There are 2 protein chains.
Amino acid sequence: MDNNENIDLIPVEDVLTFWDILTPDERNFIKNTLSVQHFKKNEVIQREGDKPTHLMILASGNVKVSKMGTNNRIQIVRILKPGEHFGFRAIIANEPNSTTVTSFEESMVYSICAEHFISILKNNNAFCYRFLEELAFDLAKSDARTVNLTQKHIRGRLAGALCALIENYGLEEDGATISIYLAREDLANLSNMTTSNAIRTLAIFANEGIIALDGRKIKIIDMEKLQRTSKYG
Amino acid sequence: MDNNENIDLIPVEDVLTFWDILTPDERNFIKNTLSVQHFKKNEVIQREGDKPTHLMILASGNVKVSKMGTNNRIQIVRILKPGEHFGFRAIIANEPNSTTVTSFEESMVYSICAEHFISILKNNNAFCYRFLEELAFDLAKSDARTVNLTQKHIRGRLAGALCALIENYGLEEDGATISIYLAREDLANLSNMTTSNAIRTLAIFANEGIIALDGRKIKIIDMEKLQRTSKYG
DNA sequence: GTAAATTTGTGCTATAAAACATAGTTATAA
DNA sequence: TTATAACTATGTTTTATAGCACAAATTTAC
């Protein structure tokens with residue numbers, strides 16, 4: 001596996017979405033100080049409450065960002081795909097991590113030391129602005145999620161989560177199967193419900209011809225009905 | 001009333017928390033282009049879905065930031081006090097406003113044209129970094145609110161909202177009365193419950209000796225019990 | 001290849017909270 | 001000052017969903 005790491009590792013330039021706005025010096029510096037880490041399935045990459053040490057960029061795999069709530073109930077607040085960053089909010093706010101990041105599957109992560117990251121933020125205005133934009137998008141998404149999770153009923157919440165997954169990960173070549181296979185429990189933590197209810201409601205959706213299930217594969221049969229369910233329950 | 005406006009208007013320098021990091025040119029420019037608006041109680045200052053036109057700074061009064069959810073149910077996502085900004089997230093993300101801002105009470109608002117704001121962001125790195133920090137704090141608060149509202153029961157949610165109000169607005173000279181008087185409906189929209197349940201639960205808290213009620217005034221009798229209720233319901 | 005553990009699936013029960021109904025009370029306007 | 005509207009209060013009913021129990025299926029470990 002260690003051998004494979006090097007083989008399918010995506011080069012920095014292709015993963016870092018902010019590569020274009022770095023100066024040649026910054027690029028060299030990052031290339032020289034960047035580190036790569038490999039994570040197995042279900043490994044914790046970053047823990048809520050810990051001091052943040054690195055800006056991290058997901059090179060491959062998928063990770064979930066979650067918060068621990070009451071009675072050890074987990075709330076997944078977002079899911080990241082390759083090219084997306086994490087760990088920077090806490091660095092910028094100079095606070096402990098407010099979330100835990102865990103790999104869903106085998107994942108590769110590039111990381112840039114917090115001090116270097118801040119130093120670039122404070123010297124490269126365009127870089128700083130890029131992250132400002134990113135946080136502006138994330139904040140709106142977070143507020144929207146609050147409303148979705150608090151005001152919709154179970155059917156609407158689950159349908160909404162499925163729509164969000166499609167938007168984020170897209171569909172496979174068949175144009176129907178969602179390109180990420182989550183455990184029912186993760187789906188539940190994403191939609192703010194118990195695992196039982198996620199399972200039950202998925203079965204109901206399948207019965208109604210909205211989706212078809214094959215293990216963790218979810219195939220969308222009636223996209224319009226799914227979106228209607230997300231809106232009206 | 002128009003006369004009073006000028007009398008108790010706080011000078012720009014004292015309201016703009018970012019005044020210190022502006023260049024002399026920027027300060028002059030802002031002083032010359034800044035506009036002031038007066039809002040009566042319960043007026044909409046900025047509407048969800050509209051194009052954002054100004055960075056706004058609350059000079060006096062109190063405003064609520066809310067989102068419209070399912071069945072016209074309103075979710076208050078945060079409440080601002082003098083010195084706090086709003087309207088900048090949408091400008092930065094170049095999106096329509098994701099929230100509606102409404103005055104609770106008579107309020108004065110300074111506003112800076114969106115183009116000028118962006119221009120300063122793109123030229124003054126320290127200014128940009130200041131807003132980056134602000135969004136980083138707001139994002140953590142939003143994620144935390146999601147968990148609070150989705151995982152706690154009614155008692156915990158309401159107690160949590162009261163704690164948040166105390167943290168934001170403080171107590172009056174008596175060291176007990178919360179320094180903001182909200183309608184039961186606003187308290188409900190803040191805690192994700194129906195107005196009936198907010199009223200009912202407040203009455204229960206009063207009965208249990210946690211608070212004392214006098215119209216919209218809420219007096220904290222047992223702070224520790226309130227915090228315990230926020231955590232454990 | 002078998003045992004153990006985990007995940008998935010389904011029914012039942014208990015309960016929290018919304019929805020509804022109705023009345024009293026306090027602001028607001030004419 | 002009275003009429004009207006808005007807000008506050010409380011009891012009852014209904015419903016959504018968490019919690020529990022258990023079984024089947026699948027994955028993981030030895």
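As the structure is a prediction and not an experimental result, all values here were calculated from the model.
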Evaluate the side-chain contact (heavy atoms from CB on, under 4.5 Å) criterion for residues A:Tyr110 and A:Leu58: first the C-alpha distance (whole Å), next the side-chain angles of each, then the deciding distance (0.1 Å), finally the verdict.
CA-CA 6 Å; A:Tyr110 280 117; A:Leu58 186 62; over 6 Å; no
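- Residues from residues 225-233 of chain A that place a heavy atom under 4.0 Å from any atom of DNA chain C: there are none.
- If you check residues 199-216 of chain B against DNA chain D, the residues with a heavy atom closer than 4.0 Å are B:Ile199, B:Arg200, B:Ala203, B:Arg216, listed by number.
- For the residue pair B:Asp143/B:Thr146, the side-chain donor-acceptor check at 3.5 Å is not satisfied.
- Side-chain N/O atoms of B:Asn62 and B:Lys81 include no donor and acceptor closer than 3.5 Å.
- With contacts defined as side-chain heavy-atom distances shorter than 4.5 Å, the pair A:Leu226/A:Leu162 qualifies.
- The salt bridge (charged side-chain N to carboxylate O under 4.0 Å, His left out) check on A:Arg155 picks up A:Glu208, with sequence neighbours excluded.
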Check: residues 209-218 of chain B side-chain donor-acceptor pairs under 3.5 Å, at least two apart:
none

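- Note that the first and last nucleotides of DNA chain C, 5' to 3', having any atom under 4.0 angstrom from a heavy atom of chain A are C:dT7 to C:dC12.
- Under the rule for a ring pair (Phe, Tyr, Trp, His ring centres under 6.0 Å), A:His54 has no partner lying at least two apart in sequence or in another chain.
- Contact annotation for A:Ser196: base contact, defined as any heavy-atom pair under 4.0 Å involving a base atom.
- A:Thr150 places a side-chain heavy atom less than 4.5 Å from the side chain of B:Thr150.
- At its two ends the helix from C:dG1-D:dC30 to C:dA30-D:dT1 runs along axes set 50° apart, each axis drawn from five pairs and the angle rounded to 10°.
- Annotation: side-chain contact (heavy atoms from CB on, under 4.5 Å) contacts of A:Thr102 (sequence neighbours excluded): A:Val44, A:Lys64, A:Thr100.
- In this structure, A:Asp14 places its CG atom where more than 12 heavy-atom neighbours from other residues, nucleotides or ligands lie under 6.0 Å away.
- Side chain of B:Thr99 to main chain of B:Lys67: no donor-acceptor pair is present (N/O by atom type, distance under 3.5 Å, no hydrogens or angles).
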Check nucleotides 15-17 of chain D against the protein and report each pair of N or O atoms closer than 3.5 Å, with its distance, or say if there are none.
| from | atom 1 | to | atom 2 | distance (Å) |
| --- | --- | --- | --- | --- |
| D:dT17 | OP1 | A:Ile154 | N | 2.9 |
| D:dT17 | OP2 | A:Ile154 | N | 3.2 |

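- B:Ala136 meets the side-chain contact (heavy atoms from CB on, under 4.5 Å) test with A:Arg89, A:Ile92, A:Ala93, A:Leu135; sequence neighbours excluded.
- Within 6.0 Å of atom OH in A:Tyr169, more than 12 heavy atoms from other residues, nucleotides or ligands are found, so the atom counts as buried in its surroundings.
- With sequence neighbours left out, the side-chain contact (heavy atoms from CB on, under 4.5 Å) criterion links A:Glu224 to A:Asp222, A:Arg228.
- B:Ala90 meets the side-chain contact (heavy atoms from CB on, under 4.5 Å) test with B:Pro52, B:Asn97; sequence neighbours excluded.
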